[in-house]
Structures are given as C-alpha cells and as structure tokens.
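Shown next, in structure tokens, is the structure this report addresses.
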Amino acid sequence: MASERYNAPVREKHWQAVWAERQVFRAKDGGKRPKSYVLEMFPYPSGRIHVGHSRNYTMGDVLARYKRAKGFNVLHPMGWDAFGMPAENAAMEKRVHPAKWTYENIDVMRAQLRSMGLSIDWDREFATCDPGYYKHQQKLFLDFLKKGLAYRKSSKVNWDPVDMTVLANEQVIDGRGWRSGAPVEQRDLTQWFFRITKFSDDLLDTLSILDKWPEKVRLMQANWIGRSEGLLVRWALVPGTAPKGSKELEIYTTRPDTLFGASFMAIAPDHPLAKAAAKDNVELAAFCAECRRSGTSVAALESAEKMGFDTGIRAVHPFDPNWHLPVYVTNFILMDYGTGAIFGCPSGDQRDLEFARKYKLPVIPVVMPKDADPATFTIGETAYTEDGVMINSRFLDGLDTKAAFEAVAERLEKEKLGRKPVAKRKVNYRLRDWGISRQRYWGCPIPVIHCEACGIVPVPESDLPVLLPDDATFDVPGNPLERHPTWKHVPCPQCGKPARRETDTMDTFVDSSWYFVRFTAPHADTPVNAKSANYWLPVDQYIGGIEHAILHLLYSRFFTRAMGATGHLKKSLKEPFAALFTQGMVTHETYRTRNGQWLLPAEVQVEGEGEHRKAVQIASGQPVLIGPVEKMSKSKKNIVDLDDFISQFGADTARWFVLSDSPPERDVIYTDVGVQGARRFVQRVWRLAEDCAEKGAPSGAPRPAVFGPQAEALRRAVHKALNGVSHNIEGLRFNVAVAQIYELANTLQAALGGDDEGMPWAIREAAELLVQMIGPMMPHLAEDCWARLGYNTLLVDQPWPEPEAALLVDDTITIAVQVNGKRRGELTIARTASKDEIEAAALQLEPVVRAMADRPVKKVIVVPQRIVNVVG
RNA sequence: GCGGACGUGGUGGAACAGGUAGACACACAGGACUUAAAAUCCUGAGGGGGAAACCCCGUGAGGGUUCGAGUCCCUCCGUCCGCACCA
C-alpha cells in the first residue's frame, strides 16, 4: 500500500520542464500525419488568470493532447488580444504606460498558463499590440482599402462628451457613458468602415454548411444578418402638399400584399423629406429635434411612446390616384433601415395599429384567417399578422398572402412613375457595415494620411508599420494621438506638402479577426504565408465563450472572405472555423461587506449549511453578505486565483475539476467540496497506479493465453471504458468521460483483490490504459503514473490505445423483460439468441408468469439485445 | 413583442437512435481502521407500503401517438439566453 502522497505542485513543475526541454508541442507544417488545428479564443491580458479562465484552455488542451495521441499533427497556439481600453484606463488611473501595463500582465499570465501544463507551441506566441503583428494588420487594411472593402463615411455615433470618445452601443448604459456617467450625445462623425455587407448573402448562406457549430450560434448570426425580401415602392406626392423639389417618397415593405390596408405613411425624423418639410415648419422642426434627443439607446427606445407629427404632405396610393394618405414624421422609423420610410397598415402590424388608434386613422382589415367569415372579421386590439386570405383588397380578394405579394409586385413593376417603374424587388439586411474607428491610443493605427491637396493617401507599404508614439500622455480625456504634439504631422507621401496622419485606431475586434491565420506562420514577413495557411486552415476546433457568438465570429468570417478577395487567403477557404464549441462559465458565490465592498472568496470564511450558511470576513471578523452565484469576474471579485489554486492543489486538480460534473457547454459552480473531490481523485489514481505496479505483472510481461472469468470481466470493463472515453472526448462530453474513468477506477480497485488466472496481466493492462485515458485531462499525474508503472518513456509520446473489438461485445447479455410495458424481470441469454429463443425463455420467467396470472399472451415484442415486452 | 434553449433524487448530472430512469460524483447515514482525528476503505440510499418476497407511484403540469415515452406530437406553467420600434 502506498503511504506517501502525490506532491502535485512539485511533480507538475518537473514534467512541464521535461516537455519544454523536449519541445514535444512544437508544431511543424506538413508531414504524413493529418493536421488538426485546435484553438481556444485567446485571452485579453487583463492582469491575472483565475480558475474561471482555465476551463476554456483545459477543454482545448484535452482535445489537443488527445488528437496528438491519435496521430494528428496538432497546432495548438496561444497569444494575446492585447489592445483595448483597460490598458488606457490603467494609464489614466495608475500613470503607467499602456504598453508596460499590457506586457507585464502578459508575462504574469503566460507563466500562469504554463503552470497549467497546456500543450501549447509557445514559439508561435504573439500579442496583437506587437508592431510585428499590427504591421501586417495595417497591410491588410491598405489592401481592403484598395478593394473598396474599407471606406470612410459619415455616421451617427454615441459620443461621450466627458471622455471625448466614441462609445460602442454596449458602452452606453441608460443613455450614459459607462465610465464618465455623462449623458451620451448622438454625433455625426466621419468614420472608417469595413464593407461587411458586401458578403451579407454569403455570410448567411454559408451558415448552413457549418454543421459543427451550435445551432444556437448559427441562428443568432442569421438573425443578426436579418435578411428580408420585400419591395421598394415609389409613391407620388400630391402637388402643393409637398416641399419644393419633393415629388415622391420611396418606401420599403415586406408586405406589399397589405397595400390596400394602408392608412398612413411614416418617415424617420432624419429622412430628407422630413428635413425639407421642417424648413418651413417650426413645430415640425422642434418635433424632429425632440426625436433625435431621446436617442437610440435600448432604454430610450423601450420607454419612448410612439409619436407622430402630420407633415401635411399627402402621398398618392400606387393603385388609386384618388386615394391620398397623410405623411407623418414618427419617432419609431429608423433612417438606416430600408429607405427610412414605410406605409402603415394598421390591421396587419401591431405597431401601426397602435399608431392608428392614437391618431384616429382608419383600420382596414385586408388579411383574415383562412376559415374566417369576411362579413364579421374585424380587428380589435391585436393586428392580424399571420398569412391568410385577402379581403377588402380589390383585385387581390380571395388570394392567399404569397400570391397577393406576387400579384402586387408584378403589377407595380410594370407601372411607371416618371420614367421608372413604381416598384422593384429588394432584399434588405439588418446587418450594417462595421465601423472600426476608435478615438483611442491603445489600438492599431489606421495607416492613412489626410492631405488637403491629395485627399486620403494610404501610407506607403514601405513605411509600415505606422508605430504608436511611445510618449503619449494620458492625464486628460480625449484621444492621446490627436493631441500628441508631433506624431500626426507628416508630409504627404504623394505631394510632400504638410499633411496629417489619421489619428483613429482600429476597433480591437479587428485584431482578433485574423489572429488564427497569423498563428499558422507567426514569423512570416507578409501577413500570411500561403503554404502554412493552406496547410493548417481552417481551425478544426474552436472553443470559446458564447458571448462572442455574434460579433467576433461574424467579423472573423468576414475577414476570411475579405482576405480571400485581397489574395491573402485562397478563395476556396470559405469558413475560418470548421467546428465551434461554446463552453460554459465557471461561477462562484459573491461576497460583500455591509457597506457594499466586494470580497474575494479567499478573504471570507463560510460556515454552516443551507439556510444557516453564514460568512465572515477573516481579517475583521465582520459578517459578510452572501450574494448570488455569478460568472467569475474581476469586478465582483468572486474569483479564485490560479496561482493560489495550483500551489495548493496542483494544475491537474484544477483541470479535473473544471471538466467534471457539469456538461462543458453549461456553467459549472465552483465549490470547495467539488475541488476536494477532484483532489481526492488525483491522490487515488496515484495510489492505484502504485498498487497496480505491485500487484500487476511487470511491464512487458507476455500476455497469458487464458484469462479466468474475473480477469476477463476486468478486461471487458477496461476496453469498454476506453471505447467510451475515446468517443466522449471526441464529442467534447468531458463530464461523461470523467464519469467513465471514475467507474473504471472503481472496477480496477475492486479487482485488485482477485487472484484469477491471468489477473496480474489484466491488472497491468487496466492500469496502463487508465493512465493513458487520464493523460489528456491530467497530463502531469498521468506522466508520473506512467513512470511508476515502470516505463522510462514519456506518456505524452504514446499513441492513443485502441480497444480490442472482441472485448466490446459480450457473449451473454442481460435484457429487461416487461409485461404490458412494466419491467418485471430480466433475462440473461446468449447475445446471438434468436427471437424465438428469447421469447420462449422470457415466457418461462417466474415474474412474467406471475404478472400474467392466467391471462392469455396476446403478443410478444422481442427486440434482440434490447428488450422483451409481453402483452397480455 | 419576435426567436431559441432548458425543466430528471438533497445537489451537479447520466441515459447511443423510442427499449431496465437515476450511471458517475458531491452531500448524507451506518460500519471498519485509529488512543483520537485526518486520510483511507466497506455498506446503504428516488418516494411510499411491507419483516421479507414483492407491490404501488415517479423525469415541471395535463393530454396524445406507441407493445413501450425522460426521449416524439399538442396545450399550459416555470427558468434562462439572444434580438428588439427592422417596416
């Protein structure tokens, strides 16, 4: 019996050094083995790694190690998503340069990740703030610019007047800047954009081939792209009612079938027609200003009452020159969707209905359910938005919704207003082009120069990278690049006259949109090495949080296409990530003092159970409020530091814990007892390996010709477990693989007492296979046990074992026997038994006879190898 | 409002493809070892009835399909997530 304990922290350091020295995880292009690119979303270097972060990397590492053992040439890299606001905030608050802050964090976090024993090829590491990375990003930008995939336009932005910066929508909370708390203004700014909408259809259509992506993510992306098919319809304006020069109004509709239910037109406050009309109408101008002020934040939209202002303008119904409809400016029409104008059909749209009721506009039912009576069908408080049969619609009456759509489209396409047709079909998208300008210092400079004479001039490629100045100041709000005394002043590359650098930097989502490409050749002097990219891409398994389901993944998909269009990637590479897995978070209780200060779990002592649980602050003895379980985050301090954890329990315990119990896509709650369980198992495996080394046959012992029944049973259990664990790792069902390993450990431990024929050999085999199975999950422990079993090779170099097929199927099996669907007994019978044999045996079973009493057997269902159901 | 997912013991969860529900783990109870504790090992356990054999009930609720439903279909309840004036 082993009496010592496994000293995880010490042994883990040892094995990490061995792996590093042998460079076992270095990936090389090419070779005979099939490739596998395993990638976890790279971290932002925020400071330190906590146990919450570790789950993502552990899952990727299990897969990477498994694939390696399976004979794949594995690429498993790591880097840093290193540009971004937190570094600048630190610069403002702590007077430390963003670069220094970032690189120091990287040093700390790299050491922490290394201590997890990840099978990373560290030679490929880079940070997106390295000039050696962003240089190539600037080159990509210039190529996008050339191809028209990058452009400048004026657009509305959220402007924080205190921090003097543009805010993303997520950074606006209740209409206020998330940092400054100042009310956010809407401003028109000229910004840089990527033309993601050029690929709208492709981005949508290709979702269907991403069969290894979660359905949920594909759906979210499809909704985000938001394709709709409709009709652009031009309405003439009644002369005399419209401002000079305004003769028509173009609207977008997906429901042209409801055209005869129209009772008003609605346009956005920023619509050109609204602006023109407001010139001569003070009240209207005031109304438009009011609409703009209420903003576009979510909160504002939710609370805003639907309001309209009758401009006095009248529009002519396309099918009836005598039918005139009022044109309202409203606060609920968006200028940047469709044409910023609609016709309102109150009976077919809830929002239009509410508007019509408020302004006493007609409500004409035009669609009714198939079985309704047109004489009695009316619209009450709810619009009828389903498909149905047309009524009150002249030539459409009696048609179904789809046919009516077509009929209207066909007629209006032939009608002429002026010289052009009244209507044309139009596919519309919710997706907008991607605004990438940020008025920040800590980002990739946009490599263009503004010249009064030449306009926008790209920085010559030979001048790349456009480096960030080291001596920026962060003591006042605003863009440090803009106020830097010299940086932006440069001669125009074309005419040589004084010109000005672009001081906007790129959204950090740009950095993370192609890093996975760069990993395939991180030292290449062009952005991409075609040979390496072609070899490694696409990423075979991508793992990360669901919070990136839309933006990051969509942007990366765009980049793959844009890089294809600019010749950096081959065009046949449609998708960057062949398989995607979104893992759940690690959550933890939160703790606060009476005055609302967050406390680390390490600062808190918790006692009692259930409702009697109480917590006190260790340092002060003061009571602590136990808050809800939430995702581990720095801001709420409900984190367990990885260094603390590893020095206490070791990396393998952390890895095992985050893989156990909860399905990987679901959240797992961090609890001390859960960790104890993982730690106990680490020790148990270690002792078990020792015991097996003692009681099992020596390594390399010849396989006995005959196994007794117990040894045979053990072997069957082991090979079945191996089969199950292999499948479950491949399917990323780590929690089930863990359970099967537990089960095997139990079986093996129980078998240690047996002295059956061939048992020592079976025990050795079982121990070896068990150790190999835990290898991807607890690699240090497995390596240690491998050595204890008498090997001087490295486990990490061993191929993944294959189960013996003969041991996976049993000769005799036990199947359940039901009477009228209720389980009454079981039957142990040869696996190959025929239906008749099974039926005969089942009918003789004592519990079956009893349950049937004297009723006649009506029918017997026999599903060989599964079940018997006697119906009586 | 629209779209989606989920609901299984005290707890986390398992159950291939409609075929023995509750694997495995945690917590719990009893026992062994120990002067004692820790650690470790063994045993028990969905609920109810019964001394036991065994019987009844049981996967959010109700209904349906089926020889058979946690799994498929319908209705409802609850929880979570995404989008949200998208025309």
Side-chain angles (χ1 to χ4, degrees), chain A residues 1-3 5 214-224 226-228 230-231 251-255 258 266 268 296 298 300-302 304-306 330-334 336-345 348-352 354-355 385 428-432 546-547 549-550 609-610 660-663 665-669 671 673-678 680-681 683-684 687 724 727 731 733 735-746 749-750 814-827 847 850-851 858-863 865-872:
Chain A
M1 243 342 228
S3 54
R5 292 176 65 79
E215 186 61 42
K216 179 182 177 163
V217 174
R218 290 194 284 167
L219 195 74
M220 280 163 72
Q221 293 223 345
N223 289 340
W224 188 262
R227 182 188 155 107
S228 69
L231 218 55
I251 60 98
Y252 175 70
T253 179
T254 56
R255 293 296 302 275
T258 64
T296 54
V298 175
L301 290 176
E302 261 175 15
E305 200 184 339
K306 314 246 171 308
T330 68
N331 63 345
F332 58 84
I333 296 298
L334 305 173
D336 54 1
Y337 185 83
T339 62
I342 62 154
F343 78 82
C345 173
D349 183 287
Q350 191 60 31
R351 184 198 54 202
D352 293 349
E354 283 164 25
F355 188 81
T385 56
N428 217 339
Y429 302 89
R430 213 191 71 104
L431 183 69
R432 305 288 144 72
I546 186 75
E547 68 272 20
I550 298 175
E609 266 181 57
S660 302
D661 290 344
S662 270
E665 67 277 10
R666 240 182 269 180
D667 288 352
V668 59
I669 303 177
T671 58
V673 286
V675 172
Q676 288 305 327
R680 220 178 296 166
F681 188 64
Q683 296 296 338
R684 191 171 151 215
R687 284 193 311 269
H727 281 113
R733 292 176 295 270
N735 58 321
V736 186
V738 162
Q740 286 172 325
I741 289 173
Y742 270 117
E743 203 168 359
L744 175 60
N746 293 345
Q749 200 153 352
T814 300
I815 59 177
V817 180
Q818 301 178 329
V819 174
N820 291 331
K822 276 186 189 174
R823 182 181 167 279
R824 294 294 171 180
E826 44 184 49
L827 182 63
R850 183 152 28 90
K858 281 189 193 149
K859 194 161 133 190
V860 181
I861 314 267
V862 179
V863 184
Q865 297 178 50
R866 284 210 188 270
I867 205 157
V868 180
N869 191 8
V870 180
V871 185

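Values in this document were obtained by computation on a predicted structure and should not be read as measured data. To find a chain, count down the sequence lines: A is the first, B the second, and so on, and within it residues start at 1. Just so it is clear, the values below take in all heavy atoms, side chains as well, and ignore hydrogens, waters and symmetry mates.
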Next item on the list: Would you classify B/G9 as syn or anti? Syn applies when the glycosidic angle is within 90° of 0.
Entry: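 It is syn.
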Note to self: Classify A/Thr253 by what it touches in the nucleic acid, base, sugar-phosphate, or nothing, heavy-atom distance under 4.0 Å.
What the structure shows: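 A/Thr253: backbone/sugar contact only, no base atoms under 4.0 Å.
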Next item on the list: Select base, sugar-phosphate, or nothing to describe what A/Ile815 touches, counting heavy atoms under 4.0 Å on all strands.
Entry: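 Here A/Ile815 touches no strand at all.
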Check: What is the distance from OH of A/Tyr429 to C1' of B/C83, rounded to the nearest Å?
Finding: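 Distance check: A/Tyr429 OH to B/C83 C1' gives 19 Å.
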Note to self: Measure CG/A/Asn869 against C1'/B/G18 and give the value in whole Å, please.
What the structure shows: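 Taking CG of A/Asn869 and C1' of B/G18, I get 13 Å after rounding.
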Does [X] have a side-chain nitrogen or oxygen under 4.0 Å from the phosphate oxygens OP1 or OP2 of [N]?
X	N	answer
A/Arg866	B/C16	no
A/Asn735	B/A23	no
A/Gln676	B/C26	no
A/Arg666	B/G13	yes
A/Tyr337	B/A87	yes
A/Arg680	B/A27	yes

Check: If you pin A/Asp661 and A/Arg684 to their nearest nucleotides in RNA chain B, which one's is more 5'?
Finding: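 Here A/Asp661 is the residue nearer the 5' end.
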Notebook entry, point to check: Should B/U11 form a Watson-Crick or G-U wobble pair with both distances under 3.5 Å, which nucleotide is its partner?
Noted result: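 Result: B/A25.
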Span that lies between the [atom1] atom of [M] and that of [N], in whole angstrom:
N	M	atom1	answer
B/A39	B/A32	C1'	14 Å
B/C80	B/A87	C1'	30 Å
B/C54	B/A61	C1'	31 Å

Next item on the list: Inspect the contact between A/Arg351 and A/Glu354 and indicate whether a charged nitrogen and a carboxylate oxygen are less than 4.0 angstrom apart.
Entry: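 Salt bridge flag = no for A/Arg351 with A/Glu354.
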Margin query: In terms of relative ring orientation, are A/Tyr252 and A/Tyr337 parallel, tilted or perpendicular, with 30° and 60° separating the classes?
Written below: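 Taking A/Tyr337 first and then A/Tyr252, their aromatic rings stand perpendicular (interplane angle over 60°).
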